Amino acid sequence: MNAISSLEPERSVKDGRSRLHYRTIWISDIHLGTKGCNAEMLIDFLDSVDSDMLYLVGDIVDGWQLKKRVYWPTAHNDVVWRVMKRARRGTRVIYIPGNHDEMFRQFTGMSFGGVEIRRKKIHTTVDGRKLLVLHGDEFDAIMLAHRWLAFVGDAAYTALMTVNRHVNRVRRWFGMPYWSLSKMAKHKVKNAVSFISRFEEIVAHEAERRHVDGVVCGHIHTAEIRQFGKITYYNDGDWVEGCTALVEHHDGTMEILHWADVMARRHAERKAPRLELAA
């Protein structure tokens with residue numbers, strides 16, 4: 001039940017709009033408060049899907065960057081408003097702060113506007129599997145041993161995101177879909193690939209130690225479903241470069257949604273009838 005589902009998701013109608021409906025959605029690493037945040041794409045996602053449960057798996061707000069300079073456009077408010085609206089309408093929303101929004105960890109155990117704040121959570125799938133849900137920075141050796149180096153790395157990453165933003169602005173001019181420069185770079189650089197692999201192994205080992213069936217995390221901006229022995233590792237990715245979410249279907253099947261691909265297909269389908277009429 002861990003493979004990508006071939007089933008068509010259920011649909012619901014809210015505000016006069018048809019939405020895909022899942023049992024559970026996990027998103028993380030939105031980094032509101034930064035120019036790298038793909039808020040418009042996330043808004044499209046939130047307006048297109050619904051769920052019984054929504055997990056915010058850390059780094060939703062980027063406190064590191066907001067300490068340096070305040071950047072908060074209207075689209076970032078719109079993301080927060082949509083999440084709060086879901087909570088008010090009955091979706092169970094669980095927020096697990098990460099390292100960039102660690103200032104909210106002091107409110108663990110509390111609830112604000114229907115949003116529950118937790119340090120970690122055990123999620124039970126519809127078919128009975130137990131999944132440990134946490135952000136993942138607890139297992140980042142750089143964060144734990146050399147916090148100053150993490151800030152240097154964050155600055156370098158921010159610079160790369162600036163380049164990525166300009167590249168995609170040019171691509172939009174030519175009608176080309178979104179493309180992640182940093183995602184490509186991570187897959188090309190051997191050390192980055194090694195770090196990601198080691199991180200996944202450590203997180204899966206922690207899940208095994210806690211006697212659960214799997215683990216869901218974020219932090220490293222790399223969406224993935226991998227099997228480590230009896231443990232299934234899930235990473236929901238991010239909304240800076242990959243623009244992905246992890247979802248649980250109503251039969252318990254888990255799937256990673258690549259929203260840039262979904263939007264590209266939708267755009268192609270809308271253009272197709274016009275091209276046929278022109279012919």
Side-chain angles (χ1 to χ4, degrees), residues 9-63 65-66 70-98 100-101 103-121 123 125-126 133 135 178 216 218 223 236-240 242-250 254-260 262-263 266:
E10 293 185 9
R11 289 187 175 272
S12 61
V13 177
K14 281 191 178 179
D15 301 324
R17 177 171 178 169
S18 177
R19 300 170 183 248
L20 301 176
H21 192 281
Y22 300 95
R23 181 172 184 262
T24 315
I25 296 173
W26 291 265
I27 57 176
S28 74
D29 299 272
I30 299 172
H31 291 273
L32 294 170
T34 70
K35 291 184 178 180
C37 170
N38 266 300
E40 288 79 9
M41 198 176 294
L42 178 56
I43 288 169
D44 184 86
F45 171 78
L46 293 172
D47 286 347
S48 303
V49 303
D50 214 340
S51 61
D52 300 329
M53 294 185 67
L54 171 64
Y55 283 90
L56 307 172
V57 197
D59 287 1
I60 305 305
V61 176
D62 197 319
Q65 291 299 317
L66 287 172
V70 177
Y71 176 79
W72 198 269
T74 302
H76 293 204
N77 268 340
D78 292 342
V79 170
V80 174
W81 179 81
R82 279 166 169 79
V83 171
M84 299 301 291
K85 185 178 179 182
R86 283 171 184 248
R88 289 197 304 271
R89 289 190 169 185
T91 299
R92 188 179 180 190
V93 181
I94 299 173
Y95 177 22
I96 299 173
H100 282 260
D101 49 10
M103 61 277 194
F104 295 116
R105 286 176 173 170
Q106 62 185 308
F107 303 114
T108 295
M110 301 177 72
S111 179
F112 295 93
V115 177
E116 305 170 36
I117 301 178
R118 299 289 184 268
R119 191 68 178 83
K120 55 179 68 69
K121 186 79 170 64
H123 173 80
T125 63
V126 71
V133 185
H135 179 62
Y178 176 82
V216 179
D236 59 29
D238 68 285
W239 288 87
V240 175
C243 300
T244 54
L246 177 69
V247 297
E248 177 193 1
H249 288 258
H250 289 276
M254 306 285 280
E255 179 180 6
I256 293 172
L257 302 181
H258 296 264
W259 205 248
V262 173
M263 291 181 68
R266 188 197 304 155

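As the structure is a prediction and not an experimental result, all values here were calculated from the model. The first residue of the sequence shown is numbered 1, and numbering continues consecutively from there.
Of the listed residues (Asn38, Asp238, Ile27), just one forms a side-chain contact (heavy atoms from CB on, under 4.5 Å) with Cys243, and that residue is Asn38.
Under a 3.5 Å cut-off, the side chain of Asp101 and the backbone N or O of Asp62 do not form any donor-acceptor pair. With hydrogens and angles ignored, the 3.5 Å screen pairs no side-chain donor or acceptor of Arg118 with any backbone N or O of Val133. Although no hydrogens or angles enter the test, the distance criterion places no donor-acceptor pair under 3.5 Å between the side chain of Thr244 and the main chain of His258. Side-chain N or O atoms of Ser28 include one that pairs as donor or acceptor with a backbone N or O of Gly237 at under 3.5 Å. In this structure, Asp29 contributes its side chain and Gly218 its backbone to no donor-acceptor pair below 3.5 Å. Arg19 places a side-chain N or O within 3.5 Å of a backbone atom of Leu46 that can act as its donor or acceptor partner.
With rounding to the nearest 0.5 angstrom, the CD atom of Glu255 is 9.0 Å from the CG atom of Leu246.
For Tyr55, the ring pair (Phe, Tyr, Trp, His ring centres under 6.0 Å) partners are Trp26, His123, not counting sequence neighbours. Residues satisfying the ring pair (Phe, Tyr, Trp, His ring centres under 6.0 Å) test with Trp72, not counting sequence neighbours, are His76.
Ring centroids of His249 and Tyr22 are separated by less than 6.0 Å, placing the two rings close together.
In this structure, His250 and His21 have parallel ring planes: the angle between them is below the 30° cut-off, well short of the 60° mark.
A salt bridge links Arg266 with Asp44; the closest basic N to acidic carboxylate O contact falls under 4.0 Å.
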